[in-house]
2 protein chains.
Amino acid sequence: MFLQQKRAFMKEYISVLKQTRMFAGIGEEEISAMLSCLGAKLCHYKKGEYVLRQGDRPGAIVILVRGSLHIQKDDYWGNRSILSQIAAGEMFGEAYAAPESGGLRNDVVAVEDSSAIFFDVHRVLTTCSSACRFHTAVVQNLFFSISEKNRKLVQKLGHMSRRSTREKLISYLSEEAKKQNSPYFSIPFNRQQLADFLSVDRSAMSRELCRMREEGLLAFEKNRFHLLNPQGQSGAGNERRFSG
Amino acid sequence: MFLQQKRAFMKEYISVLKQTRMFAGIGEEEISAMLSCLGAKLCHYKKGEYVLRQGDRPGAIVILVRGSLHIQKDDYWGNRSILSQIAAGEMFGEAYAAPESGGLRNDVVAVEDSSAIFFDVHRVLTTCSSACRFHTAVVQNLFFSISEKNRKLVQKLGHMSRRSTREKLISYLSEEAKKQNSPYFSIPFNRQQLADFLSVDRSAMSRELCRMREEGLLAFEKNRFHLLNPQGQSGAGNERRFSG
DNA sequence: ACATTACGGTTGTTTTTGCAACAGAAAAGA
DNA sequence: TCTTTTCTGTTGCAAAAACAACCGTAATGT
C-alpha cells in the first residue's frame with residue numbers, strides 16, 4: 001500500500017520526467033512502468049533543507065521534479081560560493097555515481113520547496129532481463145547526456161585556460177563560428193553574460209572587443225559577430241561591416 | 001579469414017585493454033570473447049596521420065593501444081594549440097558519442113606510429129541478450145569512467161573560474177584539504193605543474209603563495225601545505241610551522 | 001509621453017599579472 | 001666530491017585586468 005501510494009505520488013511528476021534527456025523518446029506509460037525497475041524514490045524538501053551534504057555518497061542519479069536547488073561549496077575559511085542552480089527537469093549527482101568518487105564535494109540545498117526523484121545507480125546501469133524494453137534506451141540517454149555535459153565542460157575549460165581576455169574571446173568566438181559553420185554568427189549571451197561565462201570583467205572585455213575591432217580582427221553588433229581575415233585582402237578595414 | 005586475422009591481431013593488445021578503466025575487473029578471456037559483440041575494429045596510423053578530423057562523427061569509443069596522439073585545435077585564424085596528449089591505454093571520443101553532438105570540434109593526430117581500437121557506441125550501449133555476461137560491466141565501467149572525468153572537469157573549472165591567482169589557490173587548496181580530510185596535506189604537483197594546472201604564471205603564483213604565508217593564511221614547504229586559521233588564536237603567526 | 005531600467009561602451013586609477021632574468025638550495029648525476 | 005640540472009623564490013618592469021564611475025541609447029513599463 002505504501003509503495004502504491006509512493007508510485008501514485010510519483011505519477012504527478014512523470015510529465016516532468018518525460019521532458020528530461022534521460023527519458024527522451026520514452027512515453028509516460030513506459031516511464032511509469034520502469035520506475036520500480038530503476039529503484040526510483042521520491043523525496044520532498046522544505047526551503048533551506050539539505051538535499052545532499054558534502055561527503056555523502058548518494059549512489060544515485062537524481063532528477064529535480066519541482067522547485068530549485070543550489071549546488072554550493074564552502075572553502076576552508078568558510079567563504080561560500082554557489083556553483084550552479086538546478087531547475088526542475090535537470091539532473092545532478094551523476095558525476096558521483098562511481099564508487100571510487102570518494103563522496104560529494106559540494107552541498108546541495110533547496111532554494112524553495114522542492115521534490116526530487118532518486119534513481120539507484122546500480123539498478124539503472126544493470127539492465128534487467130526484458131521486463132522493461134526501454135531500459136537500454138535510458139542507459140543510452142544517460143550516457144549521451146553525461147557525455148554531452150563532458151563535451152561542454154572541456155570546451156569551456158579550453159576557453160578559460162587562456163591567459164588573456166583576448167585569447168579567451170578568440171577561443172570562444174572561433175568555437176562558436178565553427179559550431180555555426182560560418183564566420184558570421186550570433187551568440188546566446190549579452191556582454192555581461194559572456195563576461196561571466198569567461199570569468200572576466202565586463203568592461204575590460206568590452207575594451208578588448210573594441211580593440212580587436214579596431215585591429216580589424218572582427219566586427220560585431222549586439223550579439224552578432226563577424227570574424228574577419230585580418231590580412232585585409234579587400235579594404236583597409238574601414239568599410240562598415242554592419243550598418244544598423 | 002580476414003576477420004579471423006583481425007581478431008588475431010587484436011589479441012596482441014588485449015593485455016592493454018585489460019588495464020583500462022573500461023575493462024576493469026574483466027579477464028583477458030572475456031575481453032577477447034566480447035570484441036565482436038562490441039564491434040571492435042583495430043586501426044593503425046603512421047606518425048603524423050590524422051586519426052579523426054574536425055567534423056567527424058566517429059560514433060565510437062576509442063582506446064589507444066599503441067603509440068600516442070595529440071588532440072589539437074586550430075582557431076579561426078589558424079593558430080594551433082594542443083589540448084591534450086593521449087597515451088596508450090587511454091580512451092577518447094566518448095564525449096562525441098551522442099548523435100546530437102554535432103561532430104568533433106578537434107583534430108586527433110598520431111604523434112608516433114599508433115594503433116587504436118574503435119568500439120561501436122551503439123553496440124556498446126545496447127547490451128546483447130546473454131551472450132556476453134560482462135557487457136553490463138563494461139557499460140558500468142564506461143559510465144563511471146566518464147562520470148569521473150566529469151567530476152574532475154567540474155572541479156578544475158571551479159578553480160579556474162576564480163578571477164585572481166589567490167582565489168584560484170584558495171579554491172584548489174581548500175579542495176585538496178577536504179579531499180585529504182586534513183588542513184595538513186600534500187599536493188601531486190610541483191610549482192610549475194600547479195601553475196600550469198591553474199593556468200597562471202609560476203613566478204606570480206609563487207609571489208602570491210608567499211604573500212599568503214606572510215598573512216598567516218597558510219604554511220608550506222615543498223609540496224606539503226598547511227591551511228591555518230588566520231584569526232590566530234594561538235601565536236601571532238611567528239611560530240615556525242615547518243622546521244625542515 | 002515620460003520615467004525607469006537594462007545594456008554596452010568609455011575612461012581613469014589601482015592592482016594584479018605576465019614576463020624575464022637571476023640567485024640560492026636541493027637533487028641528480030658523473 | 002664536484003658538476004650539472006631542477007626547483008623555488010625574488011625582483012623590476014611593462015602590460016593587462018579589475019574596479020568603479022559615468023554616459024548615451026535602446027528597451028520597457030506606466
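What's counted below: heavy atoms across the whole structure, side chains too, no hydrogens, waters or symmetry copies. Just so it is clear: chains get the letters A, B, ... in the order the sequence lines come, proteins before strands, and each one is counted from 1.
- Residues B:Glu94 and A:Ser147 bring no donor and acceptor atom of their side chains to less than 3.5 Å of each other.
- A straight line from CZ of B:Arg162 to P of C:dT16 spans 17 Å, rounded to a whole angstrom.
- Between A:Tyr184 and A:Phe220, the ring center distance fails the sub-6.0 Å criterion.
- A heavy atom closer than 4.0 Å to some atom of DNA chain C occurs in A:Arg202, A:Ser203, A:Ser206, A:Arg207, these being the qualifying members of residues 198-207 of chain A.
- Here the P atom of nucleotide C:dC7 and the CD atom of A:Glu221 are 17 Å apart, to the nearest Å.
- B:Tyr172 has its ring centre less than 6.0 Å from the ring centre of B:Phe197.
- Atom CD of B:Gln192 is separated from atom C1' of C:dG18 by 13 Å (rounded to the nearest Å).
- Considering only side-chain N and O atoms, A:Ser164 lies nowhere under 4.0 angstrom from the phosphate OP1 or OP2 of D:dA16.
- The closest side-chain heavy-atom distance from A:Met22 to A:Leu17 is not below 4.5 Å.
- The phosphate of C:dT16 has neither OP1 nor OP2 within less than 4.0 Å of any side-chain N or O from B:Arg163.
- When each of B:Ser186, B:Pro188, B:Ser171 is paired with B:Glu176, the side chain to side chain contact (heavy atoms under 4.5 Å, CB included) condition holds for B:Pro188 and for no other.
- OP1 and OP2 of C:dT17 both lie 4.0 Å or more from every side-chain N or O belonging to B:Arg166.
- As rounded to whole Å, 15 Å separates atom C1' of D:dG9 from atom CG of B:Leu194.
- Side-chain contact check for A:Arg21 and A:Ser145: no donor-acceptor pair (N or O, by modelled atom type) lies under 3.5 Å.
- Distance A:Arg191 CZ to D:dA18 C1': 19 Å, rounded to the nearest Å.
- Remark: P of D:dT11 and CD of B:Glu208 are 15 Å apart, rounded to the nearest angstrom.
- Close to D:dA26, at under 4.0 Å from its OP1 or OP2, lies no side-chain N or O of A:Lys222.
- Atom-to-atom, CD of A:Glu167 to P of D:dA15 comes out at 16 Å; the value is rounded to the nearest Å.
- Exactly one of B:Lys168, B:Arg202, B:Arg166 qualifies for a salt bridge (charged side-chain N to carboxylate O under 4.0 Å, His left out) with B:Glu208. That residue is B:Arg166.
- Here C:dC7 is the nucleotide among D:dA17, C:dT10, C:dC7 with the atom lying nearest to any side-chain atom of A:Asn190.
- Rounded to whole Å, the distance from CZ on B:Arg213 to P on D:dT10 is 7 Å.
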